[in-house]
Amino acid sequence: MNRVFVRAAAVAVAVVFAGCSSVSEPVGPPEGSANLLILPFEGRDVAGFIYGSLRSRERLVVRTTEAWEEIWTRMTSNYTPQPPAPEVDFESEMVIIASMGSRPTGGFGINVVQVAESEGTVYVVVNETSPGFRCITTQALTSPVTAVRVQRRDGPVTFLERESVSDCR
């Protein structure tokens with residue numbers, strides 16, 4: 001009976017270690033795609049809204065001022081005072097937003113790592129990061145979200161997903 005327990009425990013530990021060090025297969029736009037420049041927001045770190053208000057996982061493309069103001073209000077409703085939406089020239093730019101939804105602790109993050117275009121389709125590579133078992137995290141609900149500006153394209157947008165786990169060594 002002791003051997004069965006030891007063997008089961010060893011298998012469980014191996015599964016835990018395998019899960020904590022996992023990284024999803026690299027994904028990216030089709031070969032030959034042209035990268036689009038990811039533009040920063042003037043004077044504001046929009047990528048840092050870990051305590052944002054988007055409680056569900058979302059991938060959004062914003063091409064109008066009205067839509068931007070609505071989503072910005074949703075993204076920042078937890079902030080007092082609520083910051084004004086950064087200026088965006090929607091004649092030449094669009095905003096890409098990615099959120100993870102509610103998470104039980106800190107240590108989670110999300111970012112747009114690449115935006116590229118191929119044959120009229122825009123490809124957005126999003127990376128979601130989760131804390132590994134060695135990580136010490138805040139014990140607070142978080143809702144990581146990021147937003148980036150890119151050159152406006154009116155064609156379809158395809159989101160490509162990556163996942164990684166931080167080992168916190």
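It should be emphasised that the depicted structure is a prediction, and the values quoted were computed from it without experimental measurement.
Residues Asn35 and Val115 form no side-chain contact, since every pair of their non-hydrogen atoms from C-beta on lies 4.5 Å or further apart. Looking only at side-chain heavy atoms (C-beta outward), Phe159 and Ile96 come within less than 4.5 Å of each other. Annotation: side chain of Arg74 is in contact with side chain of Leu54 (closest heavy-atom distance under 4.5 Å). Trp72 has its side chain out of reach of Pro84: every pair of non-hydrogen atoms, C-beta onward, lies at least 4.5 Å apart. Considering only heavy atoms from C-beta on, Met94 comes within 4.5 Å of Val150 through its side chain. Side-chain contact check for Val125 versus Arg162: some heavy-atom pair is nearer than 4.5 Å. A heavy-atom distance below 4.5 Å is not found between the side chains of Val124 and Thr158.
With sequence neighbours left out, Leu60 forms a side-chain contact (heavy atoms from CB on, under 4.5 Å) with Glu58, Ile71, Ile97. The side chain to side chain donor-acceptor pair (under 3.5 Å) check on Thr129 picks up Asn127, Ser164, with sequence neighbours excluded. A search for side chain to side chain donor-acceptor pair (under 3.5 Å) contacts involving Thr137 returns Gln139, not counting sequence neighbours. Under the side chain to side chain donor-acceptor pair (under 3.5 Å) criterion, Thr65 pairs with no residue at all, not counting sequence neighbours. Applying the side-chain contact (heavy atoms from CB on, under 4.5 Å) criterion to Arg152, with sequence neighbours excluded, gives Arg63, Phe90, Asp154.
Legend: side chain to side chain donor-acceptor pair (under 3.5 Å) pairs involving residues 81-99, not counting sequence neighbours, sorted by first then second residue: Thr76-Gln82, Asp89-Ser92, Glu93-Arg149. Listed by first and then second residue, the salt bridge (Lys or Arg N to Asp or Glu O under 4.0 Å) pairs involving residues 105-125 are Glu117-Arg153 (not counting sequence neighbours). Listed by first and then second residue, the disulfide (SG to SG under 2.5 Å) pairs involving residues 131-169 are Cys135-Cys168 (not counting sequence neighbours). Evaluation of the disulfide (SG to SG under 2.5 Å) test over residues 74-127, restricted to residues two or more places apart or in two chains, returns none. Every pair tested for disulfide (SG to SG under 2.5 Å) that includes a residue from residues 60-97 fails, sequence neighbours excluded, so the list is empty. Identified under the disulfide (SG to SG under 2.5 Å) test for residues 67-120, with sequence neighbours left out: none.
Considering all non-hydrogen atoms of both residues, Thr138 and Thr105 come closest at O-CB, 3.3 Å. Closest heavy-atom contact between Pro144 and Gly101: CD-O, 3.8 Å. Looking at every heavy atom in both residues, Thr146 comes nearest to Asn111 through CG2-CA, 3.9 Å. In this structure, Ser33 and Ser118 approach most closely via the heavy-atom pair OG-CB, 3.2 Å. Contact between Ala147 and Met75 at its shortest, heavy atoms only, is CB-CE, 4.4 Å. For the residue pair Ala85 and Trp68, the shortest heavy atom distance occurs at CB-NE1, 3.7 Å.
How far CD of Gln151 is from CG of Leu36: 5.5 Å, rounded to the nearest 0.5 Å.
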Give the C-alpha distance, both sets of side-chain angles, the deciding distance and a yes or no for side chain to side chain contact (heavy atoms under 4.5 Å, CB included) between Glu128 and Met100. CA-CA 7 Å; Glu128 292 187 357; Met100 289 182 79; 3.8 Å; yes

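Looking only at atom types and distance, the side chain of Arg55 has a donor-acceptor partner in the side chain of Ser143 under 3.5 Å away.
Leu39 belongs to a hydrophobic cluster with Leu37, counting contacts under 4.5 Å between side-chain heavy atoms of Ile, Leu, Val, Met, Phe, Trp and Tyr, direct or through other members.
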